[in-house]
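First the structure, in the form of structure tokens, and then the observations on it.
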Amino acid sequence: MNGSVQGKKFIAISGNIGSGKSTLTAMLAKHYHWTPVMETADENPYLADFYSDMPRWSFHLQMFFLTDRFRQHRGILQRASSSVQDRTIYEDAEIFARNLFEMNAMPERDYKTYTALYREFTALLQPPDLVVYLNASVPKLVSQIQKRGRGYESKVPIDYLERLSHAYDRWFGEYA
């Protein structure tokens with residue numbers, strides 16, 4: 001690819017925590033002069049609480065991400081310029097919320113409410129033109145997470161990262 005991509009594009013970068021999504025998003029945006037749409041993890045008021053008590057805060061955390069990512073996605077579709085997005089609304093539901101439900105950290109009642117809203121939101125959205133999946137080993141993820149030094153991420157359990165990696169593999173395997 002060169003710097004002269006024709007037509008409006010919507011590219012999404014997906015991958016586990018610490019896989020390099022933000023770095024690649026910024027690089028592509030700079031190279032192609034596209035609008036970067038970054039994940040707003042640092043603005044999520046539930047994130048630190050979530051890593052301390054996943055079952056207590058999982059629904060709150062996921063609802064924040066779902067509504068924020070819906071707003072981002074709609075903004076991308078309304079924008080006249082090309083965009084590259086750091087994490088998608090689809091990952092929130094298909095990877096993160098599903099994983100929390102499967103590990104009994106989100107009650108079934110909350111998960112059903114969440115997924116019903118997710119289905120309503122995504123029915124209104126045109127998907128990205130391309131989704132790029134960044135896959136990294138769990139030791140590499142841990143190293144990247146430690147490098148960026150976000151205090152709340154120091155509490156991310158290794159088994160949680162492993163579960164997310166398996167969930168990503170399953171999700172992308174369904175579309176391959």
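Please read all numbers here as calculations on a predicted model, not as lab measurements.
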#### Entry: Check: S58 side chain, A105 main-chain N or O, donor-acceptor pair, under 3.5 Å
yes
### Message
For a 4.5 angstrom cut-off between non-hydrogen side-chain atoms, does L161 reach I17?
### Response
yes
### Task
Determine whether R87 and F65 make a side-chain contact, defined as any pair of heavy atoms from C-beta on separated by less than 4.5 Å.
no
### K8 side chain vs L77 backbone, donor-acceptor pair below 3.5 Å
yes
### Message
Could you check whether any side-chain heavy atom of E91 comes within less than 4.5 Å of a side-chain heavy atom of R69, counting everything from C-beta outward?
### Response
no
### Neighbour count >12 (heavy atoms, 6.0 Å) for atom CZ, R109
no
### Query
Applying side chain to side chain donor-acceptor pair (under 3.5 Å), which residue pairs with at least one partner in residues 121-140 are found, sequence neighbours left out?
Y133-D169
### Task
Could you tell me whether the side chain of Q62 and the main chain of D92 form a donor-acceptor pair under 3.5 Å?
yes
### Check ion pair R170-E102 (N to O, under 4.0 angstrom)
yes
### Query
Any donor-acceptor pair under 3.5 Å linking the side chain of S14 with the backbone of V132?
yes
#### Entry: side-chain contact (heavy atoms from CB on, under 4.5 Å) between L100 and F59, intermediate numbers included
CA-CA 9 Å; L100 289 166; F59 182 73; over 6 Å; no
### Query
Regarding T35 and S81, is there a side-chain donor-to-acceptor distance under 3.5 Å anywhere?
yes
### Message
Could you check whether any side-chain N or O of Y168 sits under 3.5 Å from a backbone N or O of G15, counting only pairs where one atom can act as donor and the other as acceptor?
### Response
yes
### Query
Listed by chain and number, what are the side chain to side chain contact (heavy atoms under 4.5 Å, CB included) partners of R119, not counting sequence neighbours?
T115, A116
### Task
Identify, with sequence neighbours excluded, every residue that meets ring-ring contact (aromatic ring centres under 6.0 Å, His included) alongside F101.
Y111
### Message
So M38 and T25, do their side chains get closer than 4.5 Å, heavy atoms only?
### Response
yes
### Task
List the steps and the verdict of side-chain contact (heavy atoms from CB on, under 4.5 Å) for F64 and H60.
CA-CA 6 Å; F64 176 91; H60 301 82; over 6 Å; no
### Message
I'd like to know if the side chain of S143 reaches the main chain of P139, judged simply by a donor and an acceptor atom lying under 3.5 Å from each other, with no hydrogens or angles considered.
### Response
no
